Every structure is written in structure tokens, then in C-alpha cells.
Number of protein chains: 2
Amino acid sequence: MTGRSSTSLRADARRNIDALLQAALAVFSDQGIDAPMRTIANRAGVGVGTLYRHFPQRSDLIKAIIRREVEALVEAANDLVEQHEPGAALATWLSLVVDLVATKRGLGPALHSGDAAYQSLPDYVFGALIHPLHMLLASAAAANIIRSDVDAGDLLNAVLRVATPASEGDVAQAKRMVALLVNGLYHRPNAALPS
Amino acid sequence: MTGRSSTSLRADARRNIDALLQAALAVFSDQGIDAPMRTIANRAGVGVGTLYRHFPQRSDLIKAIIRREVEALVEAANDLVEQHEPGAALATWLSLVVDLVATKRGLGPALHSGDAAYQSLPDYVFGALIHPLHMLLASAAAANIIRSDVDAGDLLNAVLRVATPASEGDVAQAKRMVALLVNGLYHRPNAALPS
DNA sequence: CAACAAACGGAATCGTGTTCCACTTTATAT
DNA sequence: ATATAAAGTGGAACACGATTCCGTTTGTTG
């Protein structure tokens with residue numbers, strides 16, 4: 001894949017990868033996630049060829065940037081169930097998810113663009129976060145705090161979508177909406193939508 | 001603006017506008033909302049210049065296509081409050097909103113792309129739908145069926161986002177998630193998300 | 001049926017993504 | 001040290017779609 005800090009990588013290659021990631025982070029948050037590849041390569045003091053060698057797809061670059069944070073989120077789930085009651089653990093963790101998506105400018109749209117170029121991104125994020133969420137949901141359901149008929153995939157999807165702030169950086173709105181979703185998790189004779 | 005069927009428009013111009021709209025509808029649902037402009041112009045038997053003359057931005061084309069349906073949605077709200085109890089009216093109307101967004105392939109992503117080229121689209125859809133929703137919410141809140149502290153803008157935003165189906169045409173998931181949102185509207189000592 | 005304005009078409013321009021390969025740098029063996 | 005192979009680099013070249021521009025055509029009006 002990419003960004004491997006482990007095996008057999010020439011010194012200059014590793015240096016360039018670092019420079020590219022740093023440049024990409026800066027350019028993305030400056031110009032948005034669709035910034036020209038050339039711009040990133042230039043900023044890193046590297047040719048486009050080098051950029052494409054290490055990150056064949058734009059989503060690989062984004063993925064490399066957020067991987068650390070997604071992994072942190074996965075671990076956070078374990079800490080939360082141990083240290084809080086199930087309902088609070090779930091709510092808190094979802095709040096962290098919102099922070100991640102809402103904070104990285106353009107990440108939200110990229111996750112749901114439907115564009116083939118980004119396909120591996122949602123797959124990665126979704127795949128990484130679905131297990132912790134499933135665990136948190138099961139835990140809360142087992143404690144009879146919430147309904148047990150909510151699919152983790154559905155919920156994760158909804159949260160990831162809702163988390164994308166409407167106007168630049170309106171994280172508060174995103175949180176209110178996720179709170180509404182969470183509120184909907186509680187027991188109630190649920191009226192399904194008419195079709 | 002565009003698509004004016006009213007004043008002082010040469011006969012060939014009106015004919016071409018019709019042809020373009022029909023072609024765009026076909027091409028969009030066939031190739032997605034990012035289909036090349038040339039393709040649409042060709043299909044309409046018209047030069048690209050003509051396409052750009054009538055629809056300077058891609059979003060103008062999309063807007064013209066969905067305008068009819070959005071307007072229908074606005075009217076439907078009035079019928080629903082008259083013919084159903086407030087809770088059902090709200091739920092049913094939201095279901096119609098989901099149908100609109102989920103059905104038009106690519107409309108969802110376009111609404112939330114954050115791309116400046118599409119900015120006028122969300123503005124238009126949001127602006128048109130916010131009033132009916134506000135009315136429906138107020139009506140249900142007045143009947144003490146739901147909480148009265150939910151902002152219509154928040155909810156509309158959330159519904160529009162959630163309505164975008166994850167996988168091609170998975171309207172069912174979208175409806176389940178909107179149902180969860182609706183469920184969250186009911187009275188309850190609501191626990192806000194931690195920040 | 002002029003004469004004029006409106007509308008048309010498509011070649012030309014521009015910006016960006018992506019590929020390709022001759023050249024350079026690094027690692028390794030002797 | 002030095003030679004050699006392998007890995008990595010840079011950027012010109014190409015592909016493709018958006019958008020503009022303007023000479024030509026068509027509809028309208030009196």
C-alpha cells in the first residue's frame with residue numbers, strides 16, 4: 001500500500017513520503033480536498049511522478065493522513081466501554097466520530113461523493129469503525145438502555161453523513177443532529193416511515 | 001435565470017431548452033450527474049455553446065430538472081396537514097423528501113459536495129423546503145406530539161444528508177435512518193452529546 | 001422582404017489528471 | 001573504494017472535459 005514506515009524503503013523515498021504527507025495536509029486544509037496534485041507535489045518539492053508513485057490515488061493520500069486518527073478512534077471505543085456506562089460510552093464515542101469528520105475539511109463530502117476515485121476511502125473508514133460501533137451498540141442494548149433492532153451499519157452511515165457540517169465548521173449543528181439520532185435509539189414503539 | 005417558459009423567447013430557443021432538459025435527464029440518470037456537458041449537448045442535437053447559453057452552470061440544469069418536483073413537495077405539505085394528524089403528516093412528508101433525493105441519482109452527493117459549482121443547488125432546495133417543514137414541525141409540536149426544541153433547519157439538513165442512499169438505490173436504508181431521526185423527535189429527557 | 005437582434009455551433013483555449021521513461025540516487029557486493 | 005543493480009525521481013507529454021469566443025444562421029418585426 002503506502003506510507004509503510006517499516007520494510008526496505010530507500011532513505012530518499014521515505015523522506016519524500018513524509019514531505020508529501022505534510023504538504024498534502026497543508027494544501028488540503030488550505031484549498032480543500034480537490035486541490036490539484038501538482039500543487040501538492042510542488043509544495044513537497046517533488047515531481048508529480050513521485051507523488052503518483054507513492055499515492056496512486058488521491059484517496060490513498062487522504063487515507064494515509066487520517067489513518068492515525070481512525071485507529072485512535074478504534075482504540076478509544078475500548079477505553080470508553082470500560083470507563084463509562086454503556087449509554088454514555090456510545091454517545092461520547094459518536095461525538096468523537098463527529099469531531100473527526102467535521103474537523104477535516106472536505107473529508108465528509110469525499111466520503112459520500114460516490115465518485116469511484118474515492119471509493120476506497122469510505123470502505124476503509126467504514127470498515128474500521130463498524131466493529132467498535134457494533135460493540136458499543138451491543139453493550140448498550142444488553143444493558144437494556146436502547147433498542148436492539150438498530151443496525152450498526154445504518155447508524156454509522158447516518159452519523160458519517162450527518163456529521164459533515166453544512167456551513168464551514170458548524171460542528172455544533174452536526175452534534176445536535178447526532179444527538180437527535182441517539183435520542184431515536186431509545187426504546188419506543190417506533191412508527192416506521194410510510195412507503 | 002433559466003428555463004423561463006414565459007416572456008419573449010425565440011421559438012428555436014425554447015425548443016432547444018426543452019431538448020436539453022430532456023437530454024440532461026436521460027444522461028444524468030444514465031451516466032450520473034457528472035456526465036460530460038458535450039454528451040448532453042450532443043444528445044440534444046445542439047452545440048455546447050447553446051447549452052452554456054441557457055444553463056451557464058451545471059447546477060442550473062439540475063435545478064431546472066428538479067424544480068418541478070420540489071414545488072410539488074412544497075404543495076404536498078399543505079395537503080398533508082389538512083388530511084392527516086400532525087405526526088403522520090410530518091412522517092409522510094419526510095418520506096416524500098427521501099424519495100426525491102434518493103431517486104434522482106447523484107442529486108444527494110451534489111447537494112453536499114461543498115463544491116462551489118453546486119452551491120446554488122442546496123441553497124435552492126433548502127430554501128424551498130424549509131418553510132413547509134417548519135410548518136409541519138410547528139403543527140406537530142402544537143399538538144404536543146413532538147418536542148418543540150428541534151430546529152427545522154437542523155432537521156432538514158440531517159434528512160437531506162441521510163436520504164442519500166449509500167449503495168445505489170438503497171432507499172430502504174435511507175428510510176430506516178430517517179425513521180430513527182423522527183423517533184428522536186418525540187419527547188424525552190434528551191441527553192445532549194458531550195463536547 | 002429587408003434589417004436587426006437573438007440564438008447557434010463548434011473550434012480553440014485552458015486547467016488538471018495520469019502515464020511514461022531516460023536519468024539519478026541509494027544500497028550492496030566485491 | 002568502486003562497480004553494478006535496483007529503486008526511485010522528475011517533468012514533459014498526453015488525455016479529457018470545462019468554458020469561452022466569435023463568425024454564421026435563424027427567427028422576428030415592421
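Everything numeric here is computed off the predicted structure, so don't read it as measured data. Hydrogens, waters and symmetry mates are skipped; everything else that's a heavy atom, side chains included, is used. The sequence lines fix the lettering, A, B, ..., with proteins before strands; numbering per chain opens at 1.
Distances shorter than 4.0 Å separate some side-chain N or O of B:Asn16 from OP1 or OP2 on C:dC8. Distances shown here put every side-chain N or O of B:Arg38 at or beyond 4.0 Å from the OP1 or OP2 atom of D:dG17. Between A:Thr50 and D:dG10, a side-chain N or O to OP1/OP2 separation shorter than 4.0 Å is present. Side-chain N/O atoms of A:His54 include none lying less than 4.0 angstrom from OP1 or OP2 on D:dG8.
Pairs passing the salt bridge (Lys or Arg N to Asp or Glu O under 4.0 Å) check and including a residue from residues 150-162 of chain A, sequence neighbours excluded, read A:Asp154-B:Arg176. Annotation: side-chain hydrogen bond (donor to acceptor under 3.5 Å, both in side chains) contacts involving residues 124-138 of chain B, sequence neighbours excluded, are absent. Applying the salt bridge (Lys or Arg N to Asp or Glu O under 4.0 Å) test to pairs two or more places apart or on separate chains, those with a residue in residues 100-126 of chain A are A:Glu69-A:Lys104.
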Can you build the contact string for nucleotides 22-30 of chain C? Use B for base contact, S for sugar-phosphate-only contact, and - for no protein heavy atom under 4.0 Å.
---BSS---
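Under the rule for a side-chain hydrogen bond (donor to acceptor under 3.5 Å, both in side chains), B:Glu85 has no partner lying at least two apart in sequence or in another chain. Partners of A:Arg10 under the salt bridge (charged side-chain N to carboxylate O under 4.0 Å, His left out) rule, at least two apart in sequence or in another chain, are A:Asp12. When the side-chain hydrogen bond (donor to acceptor under 3.5 Å, both in side chains) test is applied to B:Asp34, the partners found at least two apart in sequence or on another chain are B:Tyr118. Scored by the side-chain contact (heavy atoms from CB on, under 4.5 Å) test, B:Ala77 finds B:Trp93, B:Pro132, B:Met135, B:Leu136 as partners (sequence neighbours excluded). Evaluation of the side-chain hydrogen bond (donor to acceptor under 3.5 Å, both in side chains) rule for A:Gln57 yields no partner, not counting sequence neighbours. In this structure B:Ser59 satisfies the side-chain hydrogen bond (donor to acceptor under 3.5 Å, both in side chains) test together with B:Ser120, sequence neighbours excluded.
Per the geometry, CZ belonging to B:Phe55 stands 15 Å off P belonging to D:dT19, to the nearest Å. In this entry the distance linking CG of A:Asn42 with P of D:dG10 reads 11 Å, nearest Å. Counting to the nearest Å, the C1' atom of D:dA7 and the CD1 atom of A:Ile17 are 12 Å from each other. We find that CD of B:Gln31 is positioned 14 Å from C1' of D:dC16, with the value rounded to whole Å. Taking atom CZ of A:Arg14 as the reference point, atom P of D:dT9 lies 12 Å away to the nearest angstrom. Rounded to whole Å, atom C1' of D:dG17 lies 15 Å from atom CG of B:Asp115. Rounded to whole Å, atom C1' of D:dT25 lies 13 Å from atom CZ of B:Arg53. For the pair A:Leu51 CG and D:dG8 C1', the computed distance is 14 Å after rounding to whole Å.
Distances were taken from every side-chain heavy atom of A:Val48 (C-beta onward) to each of C:dA7, C:dG17, C:dT19; the shortest belongs to C:dT19.
Between A:Gly49 and A:Met37, the residue anchored nearer the 5' end of DNA chain C, judged by the nucleotide with its closest heavy atom, is A:Met37. Comparing A:Val46 and B:Ala35 along DNA chain D, the residue whose closest nucleotide (by nearest heavy atom) sits nearer the 5' end is A:Val46.
In this structure, B:Leu185 and B:Arg147 have side chains that are not in contact, with every pair of non-hydrogen atoms separated by 4.5 Å or more.
We find the NZ-CG distance between B:Lys63 and B:Asp60 to be 5.0 Å, quoted to the nearest 0.5 Å.
One end of the helix from C:dC1-D:dG30 to C:dT30-D:dA1 points its axis 0° away from the other end's axis, with each axis taken from 5 pairs and the angle rounded to 10°.
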Contact list (N/O, under 3.5 angstrom) for nucleotides 3-5 of chain D vs protein:
none

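The environment of A:Gln22 atom CD is sparse: at most 12 non-hydrogen atoms of other residues, nucleotides or ligands sit within 6.0 angstrom.
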